[in-house]
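Heads up: the structure comes next, in structure tokens.
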Amino acid sequence: MSLKLFNTLTRSKEPFVPLKEKQVGMYVCGVTVYDYCHVGHARAAIVFDTMFRYFQYLGYEVNFIRNFTDIDDKIINRANDKGMDWQEITHKYTVAFHEDMGKLNIASPTEEPKATDHIPEMLSMIQSLIDQNKAYAIDGDVFYSIKSFKDYGCLSGKNINDLQSGARVEVNETKRNPLDFALWKKSKPGEPFWNSPWGAGRPGWHIECSAMSKKFLGDTFDIHGGGKDLVFPHHENEIAQSCGCTGQQPVRYWVHNGFVNIDKEKMSKSLGNFFTIREIYKKYHPEVLRLFLISSHYRSPIDFSEKNLDDATKVLTRFYEGLAGARNKTATMDLKLVPDFQEKIKNHPLTKKFEVAMNDDLNTAVVMAHMNEELKNLNSAVKDKNSANLEEVAVATAAWETAGRILGLFFLTPEEFEKELFEIKNRDLGLEVSKIEQLIANRNAARQSKNWTEADRCRDDLVQMGVLIEDTPNGTEWKLK
RNA sequence: GGCACCGUCGCCAAGUGGUAAGGCAGAGGUCUGCAAAAUCUCUAUCGGCGGUUCGAGUCCGCCCGGUGCCUCCA
């Protein structure tokens, strides 16, 4: 039983066998830093963050590279529109990226290289392609000649003839073949540029990933990831460049995540139907967004809607409440004194189910199902007055928490989560805690004197305000609806 | 036009060819002064029609419906 991953290159699930034992090299396409990230970016980040965490859990040493594209037409255009320096733009949105992703519990990759820090590496790769007659320079531009690469189209399943007959291929008179793509672009006056053997210019989009992955991971590495929309042309072109340069297939497993849709349509800038991550944070807790995005398989399209986020909020609230109860139950225990604690976690049925699901192409949706079922057991055990099974509860709790953490959940304490969730929900309601607590005190006073009519009236008032209350052995607790 | 993918309970969502996980919503029970929470029980034959097979949601064909890629895009 070992990890299987769906490889876009072969269109099948394959057992994952690393190039070097117990080590993984993975490169994931990051973002172009010219705007705030939207939910689609969040999904890609979460998918590969989860993969990263799971590899570490399996005991691999992971070299995880995620780049920033910090030079590109969109950046230059944005800078011109805003009257800002292009580097101010890239800096601003790089900072925003870290902020937004940080709240999603996205762990830091091993390296986060920037394209502009690797111009020399790109130049040498381009030169090598020219030397091998696989690229040609014309008037300051350099293009890759796709005719030089017989396998062009192998990743996306396209053939060159079909592509050429398509009406949407860009017209550019200077290219020998309409499908040839830019490795180096001559800069126009006023645009940022770097000097090169072919004149002042800037790199084409695709070459940065080839150059940086080669630098950090070598000519051939294990995994290259990104959104499905990068399969063609970006990753196709990367293969052509890297393979052309080194003669090696650069990547063993190509992994692509599906889109985030809105009303069945792809969320995208051009359609204008996107939500930025920070917009979502105004109404939903970041961890809710994460849970929502892992509740379906990473390759399936996922429909983004408030209803789905509301459902995810309910699930996560229940998870944290269950966690609070379970931790509370074993609070007096010193877990270090439990014999073979780690071993017991490892052998817990939930851990086994978790691994089976994750090994099947990272099936986080199935993991969620198992966690929901295990939560029932946990809740029952917590309620059970018999304390003989305390150790069992501690082990089950730890197993459950461990699984959740690999999916990027439970990075807050239940108390912190409750507090943050309240603040988010209260943004619209604007309720005062003191007022709520006063009403609850009134109700409890009425209950003391068995004045049920008055007690119920207080509760109705609270419900009207959007406050739900629960009478527990520890007193009356409340939360927002 | 070319190439892919998808269509499972009211909604969301899993499903190596052997008679459908889980969540939300809904119904009923336990608990509770009543509630809430928790817990228990219940609710689908898988877009349609054929075929292969002892057996198909799961493979093949056709049809209907939807999406994506072929241009920048996670």
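A note on names: the letters A, B, ... follow the listed sequences, proteins ahead of strands, and every chain is numbered from 1.
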Residues which pass side chain to side chain contact (heavy atoms under 4.5 Å, CB included) with [X], listed by chain and number, not counting sequence neighbours:
X: A/K114; result: A/F68, A/D70, A/T116, A/D117
X: A/A135; result: A/L129, A/I130, A/V142, A/L183
X: A/D456; result: A/R459

Shorter than 3.5 Å, N or O on both sides, protein versus nucleotides 26-28 of chain B: list them out with atom names.
none

> With sequence neighbours excluded, what pairs up with A/H206 under the ring-ring contact (aromatic ring centres under 6.0 Å, His included) test?
Replying inline: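 A/H206 satisfies ring-ring contact (aromatic ring centres under 6.0 Å, His included) with A/F181, A/H234 only.
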
> For A/F216, which residues count as a ring-ring contact (aromatic ring centres under 6.0 Å, His included) partner, sequence neighbours excluded?
Replying inline: A/H118

> Taking the six-membered ring for Trp, does A/W452 stack with B/G33 (centroid gap under 5.5 Å, planes within less than 30°)?
Replying inline: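 Check passed, A/W452 stacks on base of B/G33.
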
> With both distances under 3.5 Å as the test, what is the Watson-Crick or G-U wobble partner of B/A38?
Replying inline: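 Checking every strand shown, B/A38 finds its partner in B/U30, with both distances under 3.5 Å.
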
> Watson-Crick or G-U wobble partner for B/G7, using a 3.5 Å limit on both distances?
Replying inline: B/C64

> Pairs in or reaching into residues 291-304 of chain A: which pass salt bridge (charged side-chain N to carboxylate O under 4.0 Å, His left out), with residues at least two apart or in two chains?
Replying inline: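 As it turns out, the salt bridge (charged side-chain N to carboxylate O under 4.0 Å, His left out) pairs with a partner in residues 291-304 of chain A, which skip direct neighbours, are A/R299-A/D361.
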
> Is the A/W86 to A/Y34 ring centre distance short of 6.0 Å?
Replying inline: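 Ring-ring flag for A/W86/A/Y34: false, centres at least 6.0 Å apart.
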
> With the sugar-phosphate defined as primed atoms, P, OP1 and OP2, and the base as all remaining atoms, what B/S/- string results for nucleotides 56-61 of chain B, 5' to 3', for protein heavy atoms under 4.0 Å?
Replying inline: ------

> Where along nucleotides 35-47 of chain B does protein come under 4.0 Å, by heavy atom, of base (B) or sugar-phosphate alone (S), with - for untouched nucleotides?
Replying inline: BBSBSS-------

> So which pairs with a foot in residues 284-294 of chain A pass side chain to side chain donor-acceptor pair (under 3.5 Å), sequence neighbours left out?
Replying inline: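 Listed by first then second residue: A/D49-A/R290, A/T50-A/R290, A/Y284-A/D310, A/H285-A/E420, A/E287-A/Y320.
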
Taking distance alone, no hydrogens or angles, what donor-acceptor pairs closer than 3.5 Å link side-chain atoms of residues 98-108 of chain A to residues at least two apart or in another chain?
from   : atom 1 : to     : atom 2 : distance (Å)
A/E99  : OE1    : A/R278 : NH2    : 3.2
A/D100 : OD1    : A/R278 : NE     : 3.2
A/D100 : OD1    : A/R278 : NH2    : 3.1
A/D100 : OD2    : A/R278 : NE     : 3.3
A/N105 : ND2    : A/G408 : O      : 3.0

> Please, which pairs that meet ring-ring contact (aromatic ring centres under 6.0 Å, His included) have at least one residue in residues 449-481 of chain A, sequence neighbours excluded?
Replying inline: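 Residue pairs passing ring-ring contact (aromatic ring centres under 6.0 Å, His included), neighbours aside: A/F422-A/W478.
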
> Among the nucleotides B/A21, B/C11, B/C70, which one has an atom lying closest to any side-chain atom of A/K158?
Replying inline: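 Looking only at side-chain atoms, A/K158 lies closest to B/C70.
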
